[in-house]
Amino acid sequence: MGASANGNGAGRRRVAILVSGRGSNMASLIEAARNPDYPAEIALVLSNRPGALGLARAEAAGIATRSVDHRAYGGREPFEAALHQALLDARIDIVCLAGFMRLLTAGFVARWHDRMLNIHPSILPAFKGLDTHRRALEAGVRIHGCTVHLVRAEMDGGPIVAQAAVPVLPDDTEDSLAARVLAEEHRIYPLALGLLAGGRIAVEGERVRIAGHVPPAGPALVNPAG
Ligand code: GRF
């Protein structure tokens, strides 16, 4: 890969994806990185759950995997020390959390400041935490969606890189709404990683500025329309 693929002229960034479950967002990042012009390569998929489906899917895609089982460590800090060592061993530049179900300490997060992304299934700052689709339905919101953000110590907090909105339809169930949001997750996570790895993101006052980004002109997204 030539140096031109990266906005910093430094070649492709080496990315680790951290998963705990099925890994569908992981798969969307692996797919995006198959394009040689994409500024990131997936160098490692790591899980805290040795049986995670995401690990098997990554192996099938020919990606290096590791599991660091949190139950084998006497607390969060030794677990994170092992995690950090695995990332150093693989010479990782950027970490992507993709359904990684462990809270990370402020110390770990600080080591990856502005180099760690997370995807969350809501339009943050609404609906931080779990069960976002159920809570969106209960709240009666007309628009729901997903967010990719840089990770800070506060759970589901941090500068927002990309968001996508979907309508909430009258007959939606948690599952139908989750599926509509997930399709958007698979679109915006590769987009956001591409921006970060391509050196196009600047963080100013905890807000993300994207170099060369022209906001789309047009009517506001309103649901229901008209
Ligand atoms: C996604 O909905 C993601 O937004 C959330 O956890 C879920 C992970 O799904 N953080 P998958 O493992 O990527 O399929």
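None of the values given here were measured: they were computed from a predicted structure. Counting starts at 1 for both ligands and their atoms, following the listed order.
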Q.
For the backbone of Cys146 and the side chain of Glu185, can you confirm whether one donor and one acceptor N or O come within less than 3.5 Å of each other?
A. no
Q) Which option out of Thr147, Asn118, Leu130, Ile119 puts a heavy atom nearest to atom 10 (N) of ligand 1? A) Ile119
**Q.** Flag side-chain contact, heavy atom, 4.5 Å: Glu41 against Arg13
**A.** no
Q) Using 30° and 60° as the class limits, which term best fits the ring planes of His84 and Phe108: parallel, tilted or perpendicular? A) perpendicular
Q: Could you check atom 1 (C) of ligand 1 against the protein and tell me its nearest heavy-atom contact, residue, atom and distance included?
A: Glu185 OE1, 3.1 Å
Q: May I ask you to say whether Glu184 pairs ionically with Arg180, meaning some side-chain N is under 4.0 Å from a carboxylate O?
A: no
Q: Starting from atom 9 (O) of ligand 1, find the nearest protein heavy-atom neighbour and note its residue, name and distance.
A: Arg22 NH2, 3.3 Å
Q. For Leu97 and Tyr189, which heavy atoms make the closest approach, and how far apart are they?
A. O-OH, 2.8 Å
Q) Looking at ligand 1, does any of its N/O atoms fall within less than 3.5 Å of an N/O of Gly23? A) yes
Q.
Using a 4.0 Å cut-off to any heavy atom of Gly99, which atoms of ligand 1 qualify?
A. 6 (O), 8 (C), 10 (N)
